[in-house]
**Student:** 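Shown below is the structure under consideration.
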Amino acid sequence: KRMPSNDEARMKFFNDGTLPKHSDTNLLELRIMLEETYSLNAIGKCAESFQSLEIFSCWIEIQEYKSILADSYRRSKALHIYYKYIKVGSPQEIGDIPPELRASIKKQLDASLLDPEILHAGFYDKIQSKCFRAIYNNIYLPFKASTAYIELT
């Protein structure tokens with residue numbers, strides 16, 4: 001299996017909504033690391049040690065959501081993500097989500113019962129983007145300065 005070039009990876013992640021088009025190389029490196037099982041596990045352990053597991057887990061679950069094809073399962077996963085990470089007071093509530101975005105998501109989830117097409121693959125892109133930035137700032141940057149990162153690379 002050939003590894004994609006940085007330009008190919010950047011375009012792939014831009015097209016799937018997980019990386020802004022003109023991101024710096026550190027953001028690209030993080031996004032590539034989130035694609036590889038071994039580095040994903042190392043970042044996950046780091047997230048746990050920094051008590052930031054909820055943003056990491058939310059990003060992962062949204063990434064899984066994007067690959068779901070069956071409408072009923074996609075809706076089930078969308079509701080799971082909302083009640084676990086987005087709803088105020090949820091078990092692993094993600095902070096820094098504006099109330100109007102939370103309300104908009106809930107309204108669309110309710111409407112999706114009659115119109116499943118509302119829950120397209122990019123439904124949670126804004127939340128995933130917030131999680132990615134938080135992973136970068138709160139997990140990746142400290143991780144990059146750790147011995148675990150050095151051992152990984």
Side-chain angles (χ1 to χ4, degrees), residues 1-68 73-109 119-153:
K1 177 177 160 183
R2 182 182 75 80
M3 293 294 291
S5 71
N6 279 357
D7 289 339
E8 290 170 330
R10 184 181 303 280
M11 191 51 77
K12 175 187 184 246
F13 299 139
F14 168 73
N15 287 337
D16 78 5
T18 60
L19 186 73
K21 190 170 190 171
H22 300 292
S23 300
D24 69 32
T25 55
N26 281 325
L27 289 170
L28 178 60
E29 180 183 47
L30 169 59
R31 183 58 191 89
I32 290 169
M33 291 178 83
L34 290 172
E35 200 75 4
E36 300 297 325
T37 304
Y38 189 70
S39 57
L40 184 69
N41 287 335
I43 294 170
K45 288 177 185 174
C46 193
E48 188 173 20
S49 71
F50 293 141
Q51 297 180 342
S52 296
L53 199 53
E54 69 283 349
I55 58 173
F56 177 76
S57 299
C58 184
W59 189 94
I60 301 271
E61 290 205 48
I62 292 171
Q63 197 63 13
E64 291 170 357
Y65 163 86
K66 288 179 171 192
S67 68
I68 297 170
Y73 182 51
R74 178 175 275 171
R75 185 167 192 281
S76 174
K77 184 70 169 182
L79 288 167
H80 168 80
I81 291 168
Y82 175 79
Y83 285 108
K84 187 173 181 180
Y85 302 106
I86 298 168
K87 183 180 181 220
V88 173
S90 60
Q92 294 186 30
E93 181 182 346
I94 303 296
D96 195 32
I97 299 174
E100 57 276 0
L101 180 55
R102 290 179 200 269
S104 172
I105 289 170
K106 178 64 169 120
K107 184 177 178 180
Q108 290 177 71
L109 284 170
L119 300 177
H120 53 85
F123 181 74
Y124 278 123
D125 279 355
K126 288 180 183 176
I127 301 296
Q128 191 175 36
S129 180
K130 285 184 171 297
C131 289
F132 184 74
R133 281 291 180 181
I135 290 168
Y136 178 76
N137 291 317
N138 303 337
I139 301 166
Y140 174 73
L141 291 177
F143 172 68
K144 194 167 181 177
S146 72
T147 55
Y149 176 83
I150 295 165
E151 291 170 1
L152 188 64
T153 58

**Student:** Which atoms form the tightest heavy-atom contact between Ala121 and Lys66, and what is the distance?
**Tutor:** O-CG, 3.2 Å
**Student:** Run the side chain to side chain contact (heavy atoms under 4.5 Å, CB included) test on Arg74 and Phe123 for me, step by step, so that the C-alpha distance in whole Å, both residues' side-chain angles and the decisive distance to 0.1 Å come before the verdict.
**Tutor:** CA-CA 11 Å; Arg74 178 175 275 171; Phe123 181 74; over 6 Å; no
**Student:** For a quick test of reading the model, state the closest non-hydrogen atom pair linking Leu109 to Arg75 and the distance between them.
**Tutor:** O-NH2, 3.2 Å
**Student:** Would you say that Tyr124 contacts Cys58 through its side chain, given a criterion of any heavy-atom pair below 4.5 Å between the two side chains?
**Tutor:** no
**Student:** Mind checking the CG-CD spacing from Leu34 to Glu29? Nearest 0.5 Å is all I need.
**Tutor:** 10.5 Å
**Student:** Within a strict 4.5 Å, meaning less than it, do heavy atoms of the Lys77 and Ser67 side chains meet?
**Tutor:** no
**Student:** Keeping the roles fixed (side chain from Arg31, backbone from Phe13), state whether a donor-acceptor pair exists under 3.5 Å.
**Tutor:** no
**Student:** Could you pull out all residues at least two apart from Asn26 that satisfy side chain to side chain donor-acceptor pair (under 3.5 Å)?
**Tutor:** Lys144
**Student:** Working to the nearest 0.5 angstrom, can you tell me the gap between Ser76 OG and Ile68 CD1?
**Tutor:** 8.0 Å
**Student:** Let me confirm one number: the CD1-CZ distance from Ile150 to Phe143, rounded to the nearest 0.5 Å.
**Tutor:** 10.0 Å
**Student:** Count the heavy atoms belonging to other residues, nucleotides or ligands that lie under 6.0 Å from NZ of Lys87, then report whether that count exceeds 12.
**Tutor:** no
**Student:** Write down the atom of Arg102, the atom of Tyr82, and the distance for their closest heavy-atom approach.
**Tutor:** O-CE1, 4.1 Å
**Student:** Nearest 0.5 Å, what's the CD1-CG distance between Ile86 and Leu79?
**Tutor:** 10.5 Å
**Student:** Which atoms form the tightest heavy-atom contact between Leu27 and Phe132, and what is the distance?
**Tutor:** O-CZ, 3.5 Å
**Student:** Roughly how far, to the nearest 0.5 Å, is CG of Asn138 from SG of Cys131?
**Tutor:** 10.5 Å
**Student:** Can a salt bridge be assigned to the pair Glu8 and Lys12 using a cut-off of 4.0 Å between side-chain N and carboxylate O?
**Tutor:** no
**Student:** Is it true that Asp96 and Arg133 make a salt bridge, defined as a side-chain N closer than 4.0 Å to a carboxylate O?
**Tutor:** no
**Student:** Just distance, no hydrogens or angles: give the donor-acceptor pairs under 3.5 Å from side chains in residues 48-56, sequence neighbours left out.
**Tutor:**
unit_1	atom_1	unit_2	atom_2	d
Ser49	OG	Cys46	O	2.8
Ser52	OG	Phe50	O	3.3

**Student:** Look at the side chain of Gln128 and the backbone N and O of Trp59, then say whether any donor-acceptor pair between them is shorter than 3.5 Å.
**Tutor:** yes
**Student:** Regarding Gln108 and Ser104, do their side chains bring together a donor and an acceptor under 3.5 Å, going by distance alone?
**Tutor:** yes
**Student:** Work out which heavy atom in Ile127 is nearest to a heavy atom in Leu101; give both atom names and the distance.
**Tutor:** CD1-CD2, 3.7 Å
**Student:** Side chains of Lys130 and Ile94: does their closest heavy-atom pair fall under 4.5 Å?
**Tutor:** no
**Student:** Do Asn6 and Thr25 have side chains that get closer than 4.5 Å, going by heavy atoms?
**Tutor:** no
**Student:** Within the supplied structure, the quantity of interest is the number of heavy atoms (other residues, nucleotides, ligands) at a distance under 6.0 Å from Lys45 NZ; does it exceed 12?
**Tutor:** no
**Student:** Quick one about Thr18 and Asp16 (side-chain donor to acceptor, distance below 3.5 Å, no hydrogens or angles considered), yes or no?
**Tutor:** yes
**Student:** Ignoring hydrogens and angles, tell me if any N or O in the side chain of Arg10 forms a donor-acceptor pair with the backbone of Ser23 under 3.5 Å.
**Tutor:** yes
**Student:** If you compare all heavy atoms of Tyr65 against all heavy atoms of His120, which two are closest, and at what distance to 0.1 Å?
**Tutor:** OH-O, 3.1 Å
**Student:** Restricting to side chain to side chain donor-acceptor pair (under 3.5 Å), what partner residues turn up for His80, sequence neighbours left out?
**Tutor:** Glu61
**Student:** Rounded to the nearest 0.5 Å, how far does CD1 of Ile135 lie from CD1 of Ile60?
**Tutor:** 7.0 Å
